[in-house]
Each structure stands twice: as C-alpha cells, then as structure tokens.
2 protein chains.
Amino acid sequence: MKATIPDTGAPITPPTGNGGDRQENRHEASLHGEILLRLRDYVVEGNIPEGGRVPERQLCEMLGISRTPLREALKVLAAEGLIELLPNRGARVRQLGQRDLEELFDVMAGLESLAGRLACEAITDAEITAIEQLHYEMYGHYLHRDMHGYFQTNQRIHESIVAAARNETLKTAYANFAGRIRRVRYSANFARKRQRWAEAMREHEAILDALRRRAASELSDILFQHLRNKRTAAIEHLTEPREDAPASP
Amino acid sequence: MKATIPDTGAPITPPTGNGGDRQENRHEASLHGEILLRLRDYVVEGNIPEGGRVPERQLCEMLGISRTPLREALKVLAAEGLIELLPNRGARVRQLGQRDLEELFDVMAGLESLAGRLACEAITDAEITAIEQLHYEMYGHYLHRDMHGYFQTNQRIHESIVAAARNETLKTAYANFAGRIRRVRYSANFARKRQRWAEAMREHEAILDALRRRAASELSDILFQHLRNKRTAAIEHLTEPREDAPASP
DNA sequence: TGGACAAAAAATGAATGCAAAATAGCCGAC
DNA sequence: GTCGGCTATTTTGCATTCATTTTTTGTCCA
C-alpha cells in the first residue's frame, strides 16, 4: 500500500560540481526539482503502465508532498513529452504507438548523425582510443552473448560520441529523447535479435573507421543508417514480441 | 516599465473569479495553457531584456491571474530553455552567449539536415513544386533587396522541408529551437550581410536540386553546410554588429 | 563619508482551501 | 436485464495563505 517512489540514490544533496550539468539542473535544490527528477526516473523506468491514470492525490501521498510542486513537475514532464495532461482529466503516461516510435528513432538518428559530424571537428585521439576500448569491450560481450553488457556498452559508445561533439544543447536534447525511448524499452523489454548483432558490430567498426579519419559526412551517413537499422529491428520486435515474457498486469 | 502583454484575442477570466462568463474553451483553454502561450510569445518576441528579472507579482498583475498557473507556465518555459529559474531568486530571461548560439545553430543544422534526409523519402512532386514557388518568390525579394520579405520566405522554405519530413516529433523540436534563436534575432535584429545573400541563394538552388533528385545524403550535407554558414554569418554579425554594406571576401 | 550590521519589506516556495468539472454510484423506466 | 438520467463523491484548476529566503533600507559607528 505504501508504494513509495524509490529514492534513486540521488538524495537532496544539491550543489554537485558535476561536470555534465544539464541545463535545467538548478532545480535540484528545490522541492519541485527534486520531485521532477524522481518522477522522471520513475516514469522512464516504466513503473507506471502505459496510459495509466495517476491521480495527483495518490502521487502526493507517495511522495509526501502537497499538490503544488507535484503539479509543477507534471507540467514539465508533459513538456518533455513523457506524459500528457488531459484538461480536467489528469495526467497519463504518454503511450507511444508504432508511428511515434518510428519518429523518435528517426530524431535520435538525426541527433547522433549530427553528433558524429560535430565530433569529427573536435574529438581528440585520446577520446577515440577510449571509444575503441569500449568497442573491444562490446565485442567481448558480443562473443559471450551477453546482451545486457553489450547493450550497456553500446549505449556508452553512443554517449561518448555525443559527448565528443562538445555541444551541451545537443547533449540535453539527446538525453531527453533517449529517455522517452528508454521508457518504452523498459516496459517492452526490447531484445535485439541475434542476427542483428553481427550487422551492428560491423556498423560500429565502420563508425570507428570514419571517426578515425574524421570523415564527417561519411560518419554522419553511417550513424544515421545505423540508427535506422536499430529502428527497424525495434519496430519488428514490437509488432512481433516473441522472445521475452510479456508484462501485462 | 509597465508594459502589458498583448492580449492575443479572448481575454482571460476576470480576477474576481466568480464572474458570470463561462469558459467557452477548447482544449488549451485552461488558464495555465493560455498563460504559457502568451508568455512564450512574449519572451520569444524579445519584450523582456536579456537576463531581465521578472517578478512573479508583476507578471500576475499584467495577466490578471494568481501566481499558481503563472509558476506552472514558468516551469515549462524553463524546461524549454527560454528562461532560467534561479532558486529563490526568480525567473530571468535566459541570455545566450556566443557559445550558446553556436550550439543552437548547430543543433538546428542537424535537425534541418535530418529533415532533408527524411523529406527525400516522403516528399511529393507537388510539395517540391510549392517549394520551388517559394524559391522564386524569395529570389524576387533578393533582387529587390527586400530583406524582410526574403527572410520570411526563407523561413517558410525551411519549414516546408521540415513539414515534408512527416515527423511531428521533429517538427516540435525544430519549433522549440527555432523559438530560442528567434528570440535573439528579435532583440539583436540580425541583418544578413549582403554578400552572404548571393551565397545563400546558390545554396538554396543546390538544396532544391538535391531535393528534386531525392538525394538524401547529399541534401543532408548541403543543408548542414547551409545552416553552418548561416551560423557563421550570425555570429560575425553579433560580435561586430555594424555594417550592412558589402564587404570583400 | 563610508561601511557594516540589523531590521523591515518584498519576493519566492510550498501548503491549504474552495469552486467547477468529471467520474461513479444509484434509482427508475423500458 | 439493460439503458438512461440524476445525485454524490472524487478530482482537477486556481486562488489564497503561510513560511522562508532574499533584498532593501535605515542606523550606528569608525
């Protein structure tokens, strides 16, 4: 009954000197900011069913706060596209149809494509070496059929490229869209099809190659295609989810 | 400075609340939504000086509402990156340094580049014809040295490309970033240098050409470069905001 | 005169209260 | 037994109120 939203290890400790500051992080000090972070994680991790109605009152009890800061956080989450607010009818977790997912993947593809382009202008040899390191690590996961490790390392590679672009605005936007997709991933529990792995590994090698040569346009193309292929795999998996146990309440 | 926010149509509910008028509302007729739209336009149009402090109290009086819906709108605007909220210190219009502008232009470049790529997959001949029409119109403005008309038509062309991408998510993100830049443009009153015009016209012709051939990668490159050049011109203009006269390369 | 300290004033952050709308619950009619 | 209308409860939207924090102002002393 007391379903408390997990305090995600990010207590009220506010003024972190964290390097990768997000541009809205001055919220962390105040209550509504704290709520915003907790709720966002909570939603992204798929703890609320798709389209699920979530009465404010209940959330307030779960969080131990009044409705005012909660409502402020909800407005922000709605602006971020994670939930939708129906007038006089409360907040629902935004449910993404196939078309929405396609659009999201394409935007992600565009952002990564851009990140690659920009990275070619600014990336250091050391950063490339680090990414190569991640690549080998990922290759290890691939050989061991460790899907979870593979997936995480893969994500770190892409984040490294975005970081190498030296563009905080891009990084923020990327994080936002990534969150929306991750939410679906959590609840639908995407599994990359095994056959896709080999392709993905080859594409990653091509990415590294273009990155080493600082071939901006080429890298841009490769990254877009890479994400496009991811999109196709994900959509196929969604329409035919025959690999994991579905989670339906 | 007692500026009133221009009332864009229907007035909002009188302060006494219990007024007899019924809300003849549509979806977004909720108060905070109304406020959000008005405030966003107000900020985007540059009516508040950079970094200017805007006491909630004053805004409430201007809008004739209480602080609750106003604060909700402010949170959203902060999430959109138009303003920043300093803890316990109120809302300020976010001021963009040169680096911020560079980042914004690059992200815009990435989004338009993506839009071009996607448009090649879905655009119809009729849409291309419409864009050609706009192109000729813009050429007319160019010949007449009508900077304002040129600028508007140019914007419509880019919006048409984004629309042709058939991606609402992209369109929304594009509008958001465009708003941030437009705000700067309003207050700084960018003027494109004349010499840049000729280049821009040539680039637009290349864009049209690639679009006709549905050459996705090529169009993507051209659009990115086009926006990159815009960026350079804009930044130069910012750091050295003097002439409109032609300069020698 | 200028600076430092303290108190007053104002602004922000959050909680509570109240009216309107929506949902559900109930009863009667068919 | 089911459908439709009416009432009661819940829920949302906004205003108001309370508690801190910040800013300003005023005073005193060097």
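First the proteins, then the strands, lettered A, B, ... as listed; each starts at 1.
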> By side-chain contact (heavy atoms from CB on, under 4.5 Å), which residues pair with Ala91(B), not counting sequence neighbours?
Replying inline: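 In terms of side-chain contact (heavy atoms from CB on, under 4.5 Å), with neighbours along the sequence ignored, Ala91(B) is linked to Leu74(B), Ile83(B), Leu85(B).
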
> Who pairs with Thr169(B) by side-chain contact (heavy atoms from CB on, under 4.5 Å), at least two apart in sequence or on another chain?
Replying inline: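 For Thr169(B), the residues satisfying side-chain contact (heavy atoms from CB on, under 4.5 Å) (neighbours in sequence not counted) are Glu103(A), Leu104(A), Val107(A), Phe177(A), Arg180(A), Asn167(B).
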
Nucleotide [N], atom [atom2] - distance to [atom1] of [X] in whole Å:
X        : N       : atom1 : atom2 : result
Glu72(A) : dT12(C) : CD    : P     : 13 Å
Leu70(A) : dA15(C) : CG    : P     : 10 Å
Leu59(B) : dT12(C) : CG    : C1'   : 13 Å

>> Let's test your reading of the model: under 3.5 Å, does the base of dA14(C) pair with the side chain of Ser66(A) as donor and acceptor?
In response: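 No, the side chain and the base share no sub-3.5 Å donor-acceptor pair.
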
>> Walk me through whether Lys75(B) and Lys75(A) qualify under side chain to side chain contact (heavy atoms under 4.5 Å, CB included).
In response: CA-CA 8 Å; Lys75(B) 296 287 185 301; Lys75(A) 295 285 184 303; 5.6 Å; no

> With Arg228(B), which residues qualify under side chain to side chain donor-acceptor pair (under 3.5 Å), at least two apart?
Replying inline: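 Result, side chain to side chain donor-acceptor pair (under 3.5 Å) vs Arg228(B): Glu121(A), Asp106(B).
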
>> Going by salt bridge (charged side-chain N to carboxylate O under 4.0 Å, His left out), name the residues that satisfy it together with Arg94(A), two or more places apart in sequence or in a different chain.
In response: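 In terms of salt bridge (charged side-chain N to carboxylate O under 4.0 Å, His left out), with neighbours along the sequence ignored, Arg94(A) is linked to Asp100(A).
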
> Closer to the 5' end of DNA chain C via nearest nucleotide, is it Ile65(A) or Arg92(A)?
Replying inline: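 Per heavy-atom nearest nucleotide, the more 5' residue is Ile65(A).
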
>> Give me each pair satisfying salt bridge (charged side-chain N to carboxylate O under 4.0 Å, His left out) with a member in residues 153-170 of chain B, each pair once, sequence neighbours excluded.
In response: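 Listed once each, the pairs are Glu127(B)-Arg166(B), Glu137(B)-Arg156(B).
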
> What does nucleotides 6-13 of chain D look like as a protein-contact string, B for base, S for sugar-phosphate only, - for none, at under 4.0 angstrom between heavy atoms?
Replying inline: -----SBB

